[in-house]
> 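I'd like to ask you about the structure that follows.
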Amino acid sequence: RTLNIEFIDWQLADIHFNLFIQLSLIVLFSTTIINLIFDIYYPIAHTLITIIKYVTLLYILFYSYSRNIIKFNTIPAKLLFYFFIIYSVIVLKDLTIDRTLPLKSLLGVPENIFTYIKETLYIICIMMTISIYNYKKLNSKYLYLSYIILTLIPCLWYIHYVGIDNLQVTQIDSEVVFINPLTISNYTSACLLLAITYKNQWSQNKFVNFIIFIIILASSIYIFSSCAKRGPILWFFISLLLLVYAKSKNKTTMFIKFFIIILIFYSIGNIILESIKEYSPYLVSRIQDAIYEGDTSGRFSSDNNDTGYGLALKQISESPWIGSYFRMTTSVSMWKGMYPHNIILEALMTFGIIGLIPFISFIIKGIKRGIYLMSKNNNVNTDMMISFFFVTFINSFFSLMTTGTILLNTPFWISLLFLLNIRIPQKNE
């Protein structure tokens, strides 16, 4: 059934405005990996991308303000915007007034307060202009193409440059600066999910579409095996299941097929792992450890309270309603200053049960809204824009269940806001 989603059409003839919106989206989502590489090896290029990032934002802010189009289309989107501001103020208070630990010992936190404020204001400004990204004249192909190219090619170059062995066993105290393999794997997961949703749109020639998809698939598998991280692979398949569910017309049949596939993999899974062990022994070893020994990451243990989750729960219990501190304040050196590697625990630590309830409500509504929008047929470009933001959101959200932080997590916050900001005709709500 076709759904007439109200995407904005301002009839703007300004070519430069369209260009700046498109460029802003590309810099916002597609340059993370290549910018990390530039930051280490080519600082001038990193500076150039940073300049483009802020110039495009300032132009869009000025243009939007002059045309009086800074607004939110829905109440949930407006509430999420205010929630993010409150969350950012809580973190700023923890970093300044209630600072418990030195800034340099806090994982995933900018090197100084000024940088934190600057990056937070950037996300707030993007949120203020979120309705612009509903602009129907934007070309989704450029966004997909830039994301995949500017992620996969730098990842492949980086793996070749540092070597697979170095990438897999990098030590925290190493004098060499490395990009976290988890970051590489998570963005590769998003690339493959985007390629699946866009696989028939690259060209009118089916064979060309097939070749492009095979190249992306082969590149992604190589990156996954090189980085040897289990989480991104697991969450890739769960995200894929959610995408299939959203697009499936017969949900019952889809679940039956999925159950059969699980049974098949359960029966022959060990054979598959042994057959690929020669090519990626470290990854296979970690998967087998997870299957036969349970959690081996140090996050959870039933007989040890000094694990990441155990220490986080202990800290949460000290102030369950309003939160205590956005990072772990334990005396256990391994976890001191870290986030708990779980989005729910991090939220409870930061703003307690009072903040967790609306936070989870936004996430659930975003997932439900994404599934609903994905199940309807609009014009191709609108469908692809919705798919892009839904993929980046669920990929970010599921990844945050086992690693990463919501602090300054642009793909998570902006993609969620985009989904909540799409106005659906009332009769279809």
Side-chain angles (χ1 to χ4, degrees), residues 75-103 105-110 113 116-117 120 123-124 127 231 235 238 294-295 297-368 393-394 396-409 412-413 416-417 420:
I75 293 176
K78 185 180 295 186
L79 291 176
L80 178 63
F81 173 72
Y82 292 136
F83 180 88
F84 177 79
I85 292 176
I86 294 171
Y87 160 70
S88 301
V89 171
I90 291 173
V91 173
L92 182 61
K93 177 180 71 69
D94 287 346
L95 290 173
T96 53
I97 300 172
D98 296 336
R99 180 183 294 185
T100 304
L101 298 170
L103 201 62
S105 67
L106 301 176
L107 183 65
V109 177
I113 301 297
Y116 167 74
I117 294 174
T120 300
I123 295 178
I124 289 174
M127 285 180 154
W235 299 124
I238 292 179
D295 179 66
S297 64
R299 296 189 183 102
F300 174 78
S301 175
S302 58
D303 56 357
N304 183 5
N305 292 327
D306 287 343
T307 59
Y309 291 173
L311 293 168
L313 288 170
K314 182 181 178 181
Q315 182 173 320
I316 290 165
S317 67
E318 296 171 358
S319 181
W321 291 102
I322 61 173
S324 54
Y325 197 72
F326 80 113
R327 289 293 182 263
M328 297 168 70
T329 56
T330 175
S331 58
V332 179
S333 58
M334 177 181 176
W335 290 100
K336 189 175 184 179
M338 295 189 71
Y339 44 76
H341 290 74
N342 179 274
I343 185 174
I344 306 300
L345 295 179
E346 184 181 352
L348 282 169
M349 283 169 45
T350 306
F351 38 69
I353 296 173
I354 292 176
L356 180 67
I357 293 172
F359 183 59
I360 292 298
S361 300
F362 291 132
I363 291 172
I364 293 173
K365 190 171 184 63
I367 292 175
K368 289 174 64 177
F393 170 63
I394 60 174
S396 299
F397 169 66
F398 287 133
S399 298
L400 287 167
M401 294 299 291
T402 52
T403 190
T405 174
I406 58 175
L407 183 68
L408 302 178
N409 192 322
F412 172 79
W413 291 105
L416 175 57
L417 185 64
L420 295 180

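Both backbone and side-chain heavy atoms feed into the values below; hydrogens, waters and symmetry mates do not. For this chain, numbers begin at 1 and follow the sequence in order. Bear in mind the structure is a predicted one, so any value in this text is a computation, not a measurement.
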> State, with a plain yes or no, whether a side-chain heavy atom of Tyr339 is found less than 4.5 Å away from one of Ile406.
no
> Parallel, tilted or perpendicular: which fits the ring planes of Trp335 and His341, with parallel below 30° and perpendicular above 60°?
perpendicular
> If you look at every heavy atom in Pro76 and Lys365, which pair is closest and at what distance?
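Taking every non-hydrogen atom into account, CG-CE, 3.5 Å.
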> For Gln315 and Thr330, indicate whether the former's side chain and the latter's backbone hold a donor-acceptor pair under 3.5 Å.
no
> Output every pair passing salt bridge (Lys or Arg N to Asp or Glu O under 4.0 Å) with a member in residues 76-89, not counting sequence neighbours, ordered by first then second residue.
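The answer is none; no pair qualifies.
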> Which pairs with one or both residues in residues 329-347 pass salt bridge (Lys or Arg N to Asp or Glu O under 4.0 Å), sequence neighbours excluded?
Arg327-Glu346
> Would you mind reporting whether Leu407 and Thr350 have side-chain heavy atoms less than 4.5 Å apart?
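The answer is no; the side chains never approach within 4.5 Å.
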> Check side chain to side chain contact (heavy atoms under 4.5 Å, CB included) between Lys368 and all other residues, then give those that pass, not counting sequence neighbours.
Ile364
> Rounded to the nearest 0.5 Å, what separates atom CG in Leu356 from atom CG in Leu345?
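Result: 9.5 Å between the selected atoms.
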> Do any N or O atoms from the side chain of Asn342 and from the backbone of Met401 form a donor-acceptor pair under 3.5 angstrom?
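Looks like yes, one N/O pair under 3.5 Å.
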> Considering only residues two or more places apart or on different chains, which pairs with a residue in residues 90-102 satisfy salt bridge (Lys or Arg N to Asp or Glu O under 4.0 Å)?
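Residue pairs passing salt bridge (Lys or Arg N to Asp or Glu O under 4.0 Å), neighbours aside: Lys93-Asp98.
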> Determine whether Ile394 and Trp235 satisfy the following criterion, side-chain contact (heavy atoms from CB on, under 4.5 Å), listing intermediate values before the conclusion.
CA-CA 9 Å; Ile394 60 174; Trp235 299 124; over 6 Å; no
> So, taking the atom named CG in Leu103 and the one named CD1 in Ile113, what distance separates them when rounded to the nearest 0.5 Å?
5.0 Å
> Does some side-chain heavy atom of Phe362 sit less than 4.5 Å from a side-chain heavy atom of Trp413?
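No, every pair of side-chain atoms sits at 4.5 Å or beyond.
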> Once you measure the plane-to-plane angle for Phe412 and Phe359, does it fall in the parallel (<30°), tilted (30-60°) or perpendicular (>60°) bin?
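Judged by the thresholds at 30° and 60°, the geometry between Phe412 and Phe359 is tilted.
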> Taking side chain to side chain contact (heavy atoms under 4.5 Å, CB included) as the test, write out the residues that go with Pro320, two or more places apart.
Ile353
> When rounded to the nearest 0.5 angstrom, what distance separates OH in Tyr309 from CD1 in Ile316?
11.5 Å
> Compare every heavy atom of Ser319 with every heavy atom of Gly323, then report the nearest pair and how far apart it is.
O-OG, 2.9 Å
> Among Tyr325, Phe351, Phe326, find the one that has a side chain to side chain contact (heavy atoms under 4.5 Å, CB included) with Val91.
Phe326
> Counting C-beta onward and ignoring hydrogens, is there a side-chain heavy-atom pair between Ile123 and Asn409 closer than 4.5 Å?
no
> For Ile322, does the CD1 atom have more than 12 heavy-atom neighbours from other residues, nucleotides or ligands under 6.0 Å away?
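Count not over threshold, so no.
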> Which distance, rounded to the nearest 0.5 Å, do you find between the CG of Leu95 and the OG1 of Thr100?
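Leu95 CG to Thr100 OG1: 10.0 Å, rounded to 0.5 Å.
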> What distance separates Met349 CE from Leu313 CG, expressed to the nearest 0.5 Å?
10.0 Å
> For a quick test of reading the model, state the closest non-hydrogen atom pair linking Thr329 to Leu101 and the distance between them.
CA-CD1, 4.3 Å
> Within the structure provided, determine whether Leu416 and Phe397 are in side-chain contact (heavy-atom separation under 4.5 Å).
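Not touching, per the 4.5 Å side-chain cut-off.
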> If the condition is side chain to side chain contact (heavy atoms under 4.5 Å, CB included), which residues does Thr120 pass it with, not counting sequence neighbours?
Phe84, Ser88, Tyr116, Ile124, Leu408
> Could you measure the distance from the CG atom of Leu348 to the CH2 atom of Trp321? Nearest 0.5 Å is fine.
11.0 Å
